[in-house]
Amino acid sequence: MKRYVGLDVHSKSSTFVIQDESGSIVGRGAIPTTPDGFKQLRDQNLLEPGTRVALESGTVAFFSAEQLSNLGLTPQVIDAHEVRVKASRPLQKSDSRDALELCEGLRRGIYR
C-alpha cells in the first residue's frame, strides 16, 4: 500500500508522520537527523523505494533531502510559507502538527 511521509526536520532530531492512501496514520515518531536516522525511518517503517517524503524548506532541508534520496525515497522540499498558509491550524505550531500537515498536504496534492 502506498505511503506518504511528513517530516519536520531540525538540526538534531526530526519528527515524522506516515499516512496510507486513505489518510490513516500508520506511523509516527522521531529520529536523529543523521544518515543513520533516515535509514532507521525507512527500514523500521518498511518504506518502499520511491515513497514520497515532504519536508519544509530550511537550513537542514537540503541535507535531509539528499540523504533521503540516497536511500531511494523521493523527498519534496516545500516552501515553509506555503505550509503555514495552507495549514488547517496555522497558529497551533508543534513538531508533530507540522509533520502531520506536511504529510496530509503531500497525500492530498495541495503543495506546488
- Task: Report the distance from atom CG of L102 to atom CG of L7, rounding to the nearest 0.5 Å.
- Result: 8.0 Å

- Task: Look only at the side chain of T15 and the backbone of D8, and say whether a donor-acceptor pair between them is shorter than 3.5 Å.
- Result: no

- Is it possible for you to say whether V26 and L47 belong to one hydrophobic cluster, with membership spreading through side-chain heavy-atom contacts below 4.5 Å? yes

- Task: Report yes or no: do S22 and D20 form a side-chain donor-acceptor pair below 3.5 Å?
- Result: yes

- Between E101 and Y111, the two heavy atoms sitting closest are O-OH, 3.1 Å

- Linked, directly or transitively: F16 and V53 (ILVMFWY side chains, under 4.5 Å): yes

- Rounded to the nearest 0.5 Å, what separation is found between the CG atom of L100 and the CZ atom of R28? 6.5 Å

- Distance from L41 atom CG to L73 atom CG, nearest 0.5 Å? 7.0 Å

- With Q19 as reference, evaluate R3, E104, R108 under the side-chain hydrogen bond (donor to acceptor under 3.5 Å, both in side chains) test and give the passing residue. E104

- Message: Which residues pass the side chain to side chain contact (heavy atoms under 4.5 Å, CB included) test with S69, not counting sequence neighbours?
- Response: P75

- Item | Min side-chain heavy-atom separation F38-T33 under 4.5 Å | yes

- What is the minimum heavy-atom distance between I78 and A54, and which atoms define it? CD1-CB, 3.7 Å

- Message: So which atom in E21 and which in R107 form the shortest heavy-atom distance, rounded to 0.1 Å?
- Response: O-NH1, 3.4 Å

- Residues passing the side chain to side chain contact (heavy atoms under 4.5 Å, CB included) test with S57, sequence neighbours excluded, are V77, A80

- Do you know which two heavy atoms are closest between S14 and V9, and how far apart they sit? OG-CA, 3.4 Å

- Item | Separation between NZ of K39 and CD1 of I31, rounded to the nearest 0.5 Å | 12.5 Å

- Once you round to the nearest 0.5 Å, how far does NZ of K2 lie from CD of E48? 10.5 Å

- Message: Are more than 12 heavy atoms, taken from residues, nucleotides or ligands other than F62, located less than 6.0 Å from that residue's CZ atom?
- Response: no

- Considering only heavy atoms from C-beta outward, does the side chain of F63 approach that of Q67 to under 4.5 Å? yes

- Item | Full working for side chain to side chain contact (heavy atoms under 4.5 Å, CB included) between L68 and V5 | CA-CA 11 Å; L68 293 164; V5 181; over 6 Å; no

